[in-house]
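Following: one structure in structure tokens, then a few remarks.
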Amino acid sequence: MQVKIIKSHKNIILASVLIVCAVIARVLGNNGFHSVFCGLIRTLIYIGLYIGWGISISKRIMQAQVRRYMISISGLMVFWFILRTTKYFFTYDPVVSRYLWYWYYFPMLFIPLLCVFVSMSLGKGENFRLPKWIFLLYIPTVLCLLAVLTNDFHQFIFTFPQGEVWTDKNNGYSFLYYIVIGWEIICALTAFVIMIFKCRLSQRKKYLPFILIFFIIVYGIIYSTGAQWLRLIGGDITAAQCLMITGILECCIQCGLIQTNSGYKSLFAVGTIGAQITDTEYNTRYASSNAPKLTKDVMQSTKNGTVKLDKNTLLKSSKIDGGYVLWQEDITDITAVLERLEENKETIAQSNYLEQENYKTKVKINTIREKNRLYDRLQAQSAHQIKLLDKLLKQYDEETDPEIRRSLLAKTAVIGAYIKRRGNLMFIGEKSEITDTAELSACLDESFANLELMGVECAIDIPNNNKIYVRDAIRVYDFFETVTEAAIDDISSVWLKARSLADTDIFNLETESNKDLSEFSALADSCIFEDGVWRFTLRITKAGEQA
């Protein structure tokens with residue numbers, strides 16, 4: 001138990017021993033025992049203490065602003081002792097000695113100011129920054145320092161008797177001296193008051209700063225009375241005050257007012273993160289309470305990547321200075337999610353299969369419906385031709401004369417060709433409103449080829465690659481079929497020619513027949529009968545053009 005206490009407070013014990021040694025060195029030196037050697041030893045002890053404390057601060061303090069100010073305080077203390085040692089042990093020129101004395105006030109003025117900054121930052125977060133107005137405190141501090149450094153020109157700080165060498169042994173004090181000392185006291189008291197107020201808010205060892213603040217006040221009061229025994233033991237007030245300021249700031253760290261990153265070893269041990277830290281040989285140095293016991297082979301295998309300890313646990317590692325850190329990762333939730341995803345995948349796969357089958361069935365049904373719709377539409381539009389075709393086929397079956405049967409069969413071919421080609425035009429119209437005159441020409445060619453079987457002379461002349469609307473192509477073809485069916489028993493020749501104008505195609509249909517076809521003149525743009533030939537004209541607007 002005692003060993004653990006000593007280990008946990010070894011820094012405090014070491015610092016206390018060094019301070020006792022410094023006091024002993026001062027007492028011995030003041031009593032004539034190697035005064036220079038003892039003085040240098042005392043100085044080196046204090047400089048070593050403040051340097052060590054500054055290094056400790058840089059490692060422990062998390063808040064960047066507090067860390068910077070406290071390291072600066074440590075540096076000012078070291079600077080002050082260097083000036084002091086140089087003045088008393090290495091300088092014999094009174095002018096140099098006097099200016100070294102003046103420079104004492106640089107740390108004496110700025111240490112209380114930085115203590116104010118530190119006290120205002122106590123208990124704040126890592127990213128806390130002092131308000132900008134607080135830096136106005138630098139102005140009176142710098143002015144006080146300049147007043148001290150230029151004292152030889154005005155003697156408003158220290159006064160010296162005429163005709164004597166100016167040193168700190170025969171000086172007096174002028175009015176500005178009390179302003180400088182007053183500013184130091186104001187900054188120190190302000191820092192102490194803020195610290196006292198914030199110590200009340202701490203729940204851990206909050207009495208520590210009070211003890212040192214009490215001692216620093218008592219020391220100042222006793223020192224001002226001129227007690228020689230205190231000066232013999234404690235030395236000059238500035239050294240004692242700096243030591244106590246260091247102690248007060250360290251107490252604030254111990255109280256938790258100044259956040260540190262120490263104590264992580266204990267925190268790591270009681271943690272439940274399942275981690276451990278090893279050296280380069282994979283010997284465990286630190287481990288959390290629930291860290292698994294692993295063999296070196298398992299640990300080394302993490303060099304190649306993540307290792308799966310069991311179904312729900314992964315082992316990962318990372319290289320750090322002096323070794324490795326290994327930690328386990330619980331993937332129970334991820335495993336459960338993956339299992340659910342796998343189940344959902346199977347369910348979705350089955351559902352997708354059913355959906356695909358349903359979709360294929362719907363496509364088939366819709367295709368059949370669309371075909372039926374088109375067939376119904378074609379049947380409705382060619383109902384007359386279907387009846388006529390049925391009539392001709394019945395006559396063909398009843399007729400015995402070969403010539404008549406041949407004529408009936410030719411008529412049947414003409415009607416059948418129309419039904420077929422009329423259906424093609426209708427299907428084209430389902431996909432697009434526009435077609436080419438070549439498509440219309442193909443329809444008429446097939447109808448003309450069947451008319452020629454009946455001995456009818458046919459001729460066609462239609463320019464290709466002219467874009468027309470499907471509805472107009474159907475109009476021309478329907479008109480041709482209507483005229484042909486009406487004169488099919490008395491038709492000698494059929495001639496169809498088209499002329500292409502800028503925005504119009506003009507179709508001229510000439511049919512030689514004695515049949516009265518005047519009833520169809522209303523379907524055409526013009527109708528002329530001359531010398532047994534019926535001439536019909538149809539004007540068709542080109543696709544995309546205005547009539």
- Message: Between V148 and C144, does the side-chain contact (heavy atoms from CB on, under 4.5 Å) criterion hold? Intermediate values first, please.
- Response: CA-CA 6 Å; V148 174; C144 288; 5.7 Å; no
- On the 0 to 90° scale, with breaks at 30° and 60°, tag the F106-F79 ring pair as parallel, tilted or perpendicular. perpendicular
- Output every pair passing side-chain hydrogen bond (donor to acceptor under 3.5 Å, both in side chains) with a member in residues 340-349, not counting sequence neighbours, ordered by first then second residue. none
- Message: Could you report the tightest heavy-atom contact between P112 and P107, atom names first, then the distance?
- Response: CD-O, 4.1 Å
- Message: Please report the interatomic distance CD1(I51) to OH(Y46), rounded to the nearest 0.5 Å.
- Response: 15.0 Å
- Task: Write out all pairs satisfying salt bridge (charged side-chain N to carboxylate O under 4.0 Å, His left out) with one or both partners inside residues 93-106, taking only residues at least two apart or from two chains.
- Result: R98-D152
- Which value, rounded to the nearest 0.5 Å, describes the distance between I111 atom CD1 and E184 atom CD? 9.5 Å
- Query: How would you list, by chain and number, every residue that makes a side chain to side chain contact (heavy atoms under 4.5 Å, CB included) with F156, sequence neighbours excluded?
  - Reply: H154, F175, L176
- Message: Heavy-atom count check: over 12 atoms from other residues, nucleotides or ligands less than 6.0 Å from Y138 OH?
- Response: yes
- In Å and rounded to the nearest 0.5 Å, what is the OH to CG distance from Y69 to L113? 9.0 Å
- How long is the gap from CG on L146 to OG1 on T141, to the nearest 0.5 Å? 11.0 Å
- Query: So how far is it from L145 CG to T150 OG1, rounded to the nearest 0.5 Å?
  - Reply: 9.0 Å
- Interatomic distance, OG1@T246 vs OH@Y50, rounded to 0.5 Å, equals 4.5 Å
- Measure the acute angle between the ring planes of Y105 and Y177, then classify it against the limits of 30° and 60° as parallel, tilted or perpendicular. perpendicular
- Task: Would you mind listing every salt bridge (charged side-chain N to carboxylate O under 4.0 Å, His left out) that reaches into residues 104-122, with sequence neighbours excluded?
- Result: none
- Task: Taking ring-ring contact (aromatic ring centres under 6.0 Å, His included) as the test, write out the residues that go with W183, two or more places apart.
- Result: none
- Note on the structure: Across all chains, not counting sequence neighbours, the ring-ring contact (aromatic ring centres under 6.0 Å, His included) partners of Y92 are none
